[in-house]
Colleague: 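Before we start, here is the structure in question, set down as structure tokens.
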Amino acid sequence: MAAPVRILGVLLAGGKNRRYGSNKALETIGGISLIDRALDVLDAVCPHVVIVANEAAPYEHSGRPIRPDSRPGTGVLGGILTALQWAVETEYDGALVLACDMPFVAPELLAELIRRAGRDGISIAESDGPRGMEPLCAVYGVGCVPAIEQALDRGERAVVSFFADVPVCRLDRAEVERFGKPERMFFNMNRPEERKTAEELARSPSEHSGSQE
């Protein structure tokens, strides 16, 4: 799969935070907010980073371009569509999307996902998550737009609802572990009681289980 020439970095911050009870992206972990941690990771691998959020005010301090979902009420899938529409408008070949509550992803892993990405499909990491992979830490080519739009037109809201309609390049678990511990990299803070774990992870160094060569 040929690597795209240019990838837009997109932070997804459009969630309603129902389980957390407040805007968790602004929570400070280890002295740094979740959103700033995630932006730092994207900055390390993408020349241009933007934010998809339905409320711009909380994120204006970042100085990044911000826009709401183009299809309101369509959840994360709508956020990915908005990211890709933005990529098309700015002549990028795809979008690297990252959830704002995943602050410990290794930039090296994201760089590898970008290296394997193509214009027409998905480059994604396997994990122990409920889907067996991490769709909110993945590269989507602009060619995915029609499949996402068709899924939304059918009333689908699941992030993976269009995966069967596009090429999917999966970075398997063994490859992911070259860049760090998956349980650390893919940790996301959904509830207030998980803040303690987040603080512990922020204090622990990122560990690589093998060579990246």
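We use all heavy atoms of the structure for the numbers below, so side chains are in, but hydrogens, waters and symmetry mates are not. Given the structure is predicted, the values throughout are model-derived calculations rather than measurements.
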Colleague: Please find the pair of heavy atoms, one from S161 and one from L77, that lie closest to each other, and give the distance.
Modeller: OG-CD2, 3.5 Å
Colleague: Does R119 come within less than 4.0 Å of D93, counting only side-chain N to carboxylate O?
Modeller: yes
Colleague: With a 4.5 Å cut-off on side-chain heavy-atom distances among I, L, V, M, F, W and Y, is there a chain of contacts connecting V168 to Y140?
Modeller: yes
Colleague: Nearest 0.5 Å please: distance from the CG atom of L11 over to the OG atom of S62.
Modeller: 8.5 Å
Colleague: Just by modelled atom types, is the A174 backbone N or O under 3.5 Å from a matching donor or acceptor in the D172 side chain?
Modeller: yes
Colleague: Charged N to carboxylate O below 4.0 Å: is that the case for R37 and D101?
Modeller: no
Colleague: Taking all non-hydrogen atoms of both residues into account, name the closest pair between E126 and V176 and its distance.
Modeller: O-CG2, 3.7 Å
Colleague: Run the salt-bridge test on E149 and R154 with the 4.0 Å N-O cut-off and return the result as yes or no.
Modeller: no
Colleague: Looking at L8, L42, V10, which one forms a side chain to side chain contact (heavy atoms under 4.5 Å, CB included) with L96?
Modeller: L42
Colleague: Under 4.0 Å between a Lys/Arg side-chain N and an Asp/Glu carboxylate O for R64 and D43?
Modeller: yes
Colleague: Do R115 and E112 pass the salt bridge (charged side-chain N to carboxylate O under 4.0 Å, His left out) test, and can you show the C-alpha distance, the side-chain angles, and the key distance before you say yes or no?
Modeller: CA-CA 5 Å; R115 189 183 73 79; E112 182 66 12; 2.8 Å; yes
Colleague: Is a side-chain donor or acceptor of E199 paired with a backbone partner of G30 at a separation under 3.5 angstrom?
Modeller: yes
Colleague: For H61 and P58, which heavy atoms make the closest approach, and how far apart are they?
Modeller: ND1-O, 3.3 Å
Colleague: If you take all heavy atoms of A13 and I51, which pair is closest and at what distance?
Modeller: CB-CG2, 4.2 Å
Colleague: Inspect the contact between K181 and E177 and indicate whether a charged nitrogen and a carboxylate oxygen are less than 4.0 angstrom apart.
Modeller: no
Colleague: Output, in order, the C-alpha distance, side-chain angles, deciding distance and verdict of side-chain contact (heavy atoms from CB on, under 4.5 Å) for L98 and L136.
Modeller: CA-CA 5 Å; L98 182 65; L136 299 188; over 6 Å; no
Colleague: Report the residue from V97, L81, I80, T82 that forms a side chain to side chain contact (heavy atoms under 4.5 Å, CB included) with V52.
Modeller: T82
Colleague: With salt bridge (charged side-chain N to carboxylate O under 4.0 Å, His left out) as the test, would you mind laying out the steps for R67 and E89 before giving the verdict?
Modeller: CA-CA 13 Å; R67 70 167 60 175; E89 292 172 15; 3.0 Å; yes
